[in-house]
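What follows is one structure encoded as structure tokens, with my remarks underneath.
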There are 2 protein chains.
Amino acid sequence: MKNLGNKIEILYNLCRDKQLKITPQRVEVYKALLASGDHPSAETVYAKVKKNLPNISLDTVNRTLNTLSLIGAAFVVEGSGDVRRFDGNLENHQHFKCVKCKKIFDFKHNAFENIEVPEELRHKFKVLRATVYIEGLCQSCLEKENKIQSN
Amino acid sequence: MKNLGNKIEILYNLCRDKQLKITPQRVEVYKALLASGDHPSAETVYAKVKKNLPNISLDTVNRTLNTLSLIGAAFVVEGSGDVRRFDGNLENHQHFKCVKCKKIFDFKHNAFENIEVPEELRHKFKVLRATVYIEGLCQSCLEKENKIQSN
DNA sequence: AACTATATAGTAATTAAAACTATTTGTCAA
DNA sequence: TTGACAAATAGTTTTAATTACTATATAGTT
């Protein structure tokens, strides 16, 4: 991971912007997240951070990762983080998901119906589904939203 | 839900193709899934099916929904069904997810970097992220895969 | 240095999903 | 139509993930 210093600086600025305190826990969780090239779960980050902060709690790691997502220092990988939901509508359609209330809204958009999967991927994997996935805040959550509360 | 009869027929055919038994539980779970226009969780489907099959178990609903996904009669909504995973890489990139081992692979593809969010959505919601999300089977899972086992 | 709101540790509670086993039931062939 | 058997289910238990709670500690400010 190059430019780790810069990245930490970003975290500092984001925290200050949102009036969140810069705690060692937040810094360590953020560093652990960056250090792992892949897409770790809270448990994985917890294990990593524990080496530097032996008595950090899992709850703190969870809350901190949430906070990082809220301030835009990280994000929750799509395809994770919600109870499994099923869709029986096999017609081509797309999903918008509210990151707050987790509600999923269907929408149709012609331009998204025939996604060309890159040759490289078709080669490497067996592709089952390709879709445009959009997330954000729905109207009712938007109204409730005033400031970011980390705790 | 129009053409429910047709849909059931589809289920019958899919089951026969894959040599899966057509059980009342499967039919009811499938009907309940179709009947709910939204994106229900196993619990929600369970509640619905219980009206017709009072002593169906939640486990059966769960397994059945999985089976339906495996045979292509339904699918798991992206953004659900996996422990929450985080990504600290804010550069534009896309994800491929293996539906079996849940591993996430990054990839970059220029054509996917500037997704135009439909006007209608930008209006209705606060869009935070738009991405192409591709799922399927990774190579190592593909090798292990021989036939669909529903149980 | 002291104050105060915020964040944390430690733990408990909640929830979702998977595992397990005895029993039941589709399916097929006689 | 019946009997046999593999497959599927009910009922329950485990496991795992996330959230909730409260007393304590601390970052940022005065």
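A quick note: this is a predicted structure, and the numbers were derived from the prediction, not measured. Numbered from 1 within each chain, the chains take letters A, B, ... in sequence-line order.
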Original post:
Hey, would you say the A:F96 and A:Y133 ring centroids sit under 6.0 Å apart?
Top reply: no

Original post:
Any chance the rings of A:H93 and A:H109 have centres within less than 6.0 Å?
Top reply: no

Check the distance between [N]'s [atom2] and [X]'s [atom1] and give it to me in whole angstrom.
| X | N | atom1 | atom2 | result |
| --- | --- | --- | --- | --- |
| A:N66 | D:dA17 | CG | P | 16 Å |
| B:L70 | D:dA7 | CG | C1' | 16 Å |
| A:Y46 | D:dA16 | OH | P | 15 Å |
| A:D82 | D:dT19 | CG | C1' | 14 Å |
| A:K102 | C:dT15 | NZ | P | 14 Å |
| B:L53 | D:dG11 | CG | P | 12 Å |
| A:R63 | C:dT6 | CZ | P | 14 Å |
| A:K18 | C:dA7 | NZ | C1' | 19 Å |

Test item: [X] side-chain N/O and [Y] main-chain N/O as donor-acceptor pair under 3.5 Å:
| X | Y | value |
| --- | --- | --- |
| B:D87 | A:V77 | no |
| B:T131 | B:Q94 | no |
| A:R26 | A:K21 | yes |

**OP:** Considering non-hydrogen atoms only, spot the tightest contact between B:C101 and B:C141 and give its length.
**Re:** CB-SG, 3.6 Å

**OP:** Mind listing the closest non-hydrogen atom pair of B:E91 and B:N89 along with its distance?
**Re:** N-OD1, 3.0 Å

Original post:
Will you find, in the side chains of A:T67 and A:T64, an N or O donor that is under 3.5 Å from an N or O acceptor?
Top reply: no

Which protein N or O atoms sit under 3.5 Å from an N or O of nucleotides 27-29 of chain D?
| unit_1 | atom_1 | unit_2 | atom_2 | d |
| --- | --- | --- | --- | --- |
| D:dA27 | N3 | A:K21 | NZ | 3.2 |
| D:dG28 | OP1 | A:I22 | N | 2.9 |

Subject >> Axial cation check for A:Y46 ring with A:K48, 6.0 Å and 45° limits >> reply: no

Subject >> Of residues 54-62 of chain A, the positions that come close to DNA chain D - non-hydrogen atoms, cut-off under 4.0 Å >> reply: A:L58, A:D59, A:N62

Original post:
Using a cut-off of less than 4.0 Å, is there contact between a side-chain N or O of B:R84 and OP1 or OP2 of D:dA17?
Top reply: no

**OP:** Taking only the side-chain nitrogens and oxygens of B:R26, find out if one of them lies under 4.0 Å from OP1 or OP2 of D:dA8.
**Re:** yes

